[in-house]
Amino acid sequence: NTPDHSAISAFSDWKIMKPLTIMVYMWITDFIVYNGLSLTSTTLAMGDPHWTYTASGLVEIPASILLPLLMDLIGRRPSVILTHALTGIILIILPYIPATHDHMYLTMWMISKFGVAASFFALYIYASELFPV
């Protein structure tokens, strides 16, 4: 009468499959957006491509510092939702910024990179607590 902890039993239980499906979707989406932003950082209109690539990496430092504070303040799930919403809203706004506003575009782009980096970090923590061993 011991509980069955096999992978097959996990795939047949909707209480496990629903969050697992959502988490897999978020991981894939975050991976694509994160890498898309990282790889396109060298094509930003402002300045040296080496500087913009370096700046896109440096924006992850505040994300990794502020995310644990945010998670402690508002919780795990709201942090994941907030960081994804921030990234999504900024990426929707980005195409509508006029080409003449380079500084505004770069700032919004960096905020989106900050958001996706924070959401990627949040998924590591949230997934480990959602699916304990």
Side-chain angles (χ1 to χ4, degrees):
N1 291 347
T2 61
D4 185 17
H5 292 293
S6 67
I8 295 171
S9 68
F11 287 114
S12 63
D13 186 5
W14 183 244
K15 289 181 181 180
I16 295 174
M17 282 306 298
K18 181 180 174 185
L20 180 64
T21 304
I22 294 168
M23 192 62 67
V24 166
Y25 175 77
M26 286 192 300
W27 275 103
I28 292 170
T29 304
D30 280 3
F31 177 78
I32 291 169
V33 172
Y34 179 86
N35 284 307
L37 288 173
S38 293
L39 293 174
T40 59
S41 66
T42 58
T43 62
L44 294 174
M46 288 188 53
D48 181 26
H50 299 292
W51 162 245
T52 54
Y53 184 76
T54 302
S56 78
L58 290 175
V59 78
E60 295 178 25
I61 295 171
S64 64
I65 292 170
L66 295 176
L67 180 72
L69 300 173
L70 182 67
M71 289 183 121
D72 286 341
L73 185 66
I74 66 172
R76 304 317 193 227
R77 183 181 294 170
S79 297
V80 170
I81 293 168
L82 183 67
T83 55
H84 280 100
L86 172 70
T87 304
I89 290 168
I90 298 296
L91 289 176
I92 289 170
I93 293 171
L94 216 51
Y96 299 103
I97 297 175
T100 57
H101 294 87
D102 287 345
H103 292 291
M104 181 185 220
Y105 186 88
L106 184 63
T107 301
M108 298 297 272
W109 190 91
M110 287 294 180
I111 293 171
S112 69
K113 180 68 188 281
F114 171 88
V116 75
S119 64
F120 220 158
F121 297 150
L123 285 182
Y124 279 103
I125 298 167
Y126 189 51
S128 69
E129 293 176 356
L130 195 60
F131 305 108
V133 176

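Because the structure is predicted, anything quoted here is derived from the model rather than measured.
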Side-chain hydrophobic cluster, 4.5 Å single linkage: members besides L39: none
Nearest heavy-atom neighbours spanning V80 and A122: CG2-CB, 3.8 Å
Any pair counted as side chain to side chain donor-acceptor pair (under 3.5 Å), so long as it reaches residues 84-95, sequence neighbours left out: D30-H84
Rounded distance (nearest 0.5 Å) linking atom OH of Y34 with atom CH2 of W27: 12.0 Å
Partner of S112 under side chain to side chain contact (heavy atoms under 4.5 Å, CB included), chosen from I92, L86, T107, L37: L37
Side-chain heavy atoms of F120 within contact of V33, under 4.5 Å: no
Value rounded to 0.5 Å, distance of OG in S119 from CD1 in I81: 12.5 Å
Rounded distance (nearest 0.5 Å) linking atom CD1 of I90 with atom CE of M110: 13.5 Å
Close side-chain approach of W109 and S56, heavy atoms under 4.5 Å: yes
Hydrophobic cluster identity match, F114 and V116, side-chain contacts under 4.5 Å: yes
From CG (L94) to CD1 (I89), nearest 0.5 Å: 13.0 Å
Show me the side-chain donor-acceptor pairs of residues 16-26 shorter than 3.5 Å, one per line, residues at least two apart or across chains.
| unit_1 | atom_1 | unit_2 | atom_2 | d |
| --- | --- | --- | --- | --- |
| T21 | OG1 | M17 | O | 2.7 |

Within one Ile-Leu-Val-Met-Phe-Trp-Tyr cluster: L58 and F121, side-chain cutoff 4.5 Å: no
Pairing residues for Y53 by the side-chain hydrogen bond (donor to acceptor under 3.5 Å, both in side chains) criterion, not counting sequence neighbours: none
Cluster overlap I28 with L123, hydrophobic side-chain contacts below 4.5 Å: yes
Joint cluster assignment, Y124 & L130, ILVMFWY side-chain distance < 4.5 Å: yes
May I have the list of side-chain donor-acceptor pairs in residues 62-72 shorter than 3.5 Å, sequence neighbours left out?
| unit_1 | atom_1 | unit_2 | atom_2 | d |
| --- | --- | --- | --- | --- |
| S64 | OG | E60 | O | 3.3 |
| S64 | OG | I61 | O | 2.9 |

Under 3.5 Å: donor-acceptor pair, side chain of T52, backbone of S41: yes
Listed partners of P95 passing side chain to side chain contact (heavy atoms under 4.5 Å, CB included), at least two apart: none
Euclidean distance, D102 CG relative to I97 CD1, rounded to 0.5 Å: 10.5 Å
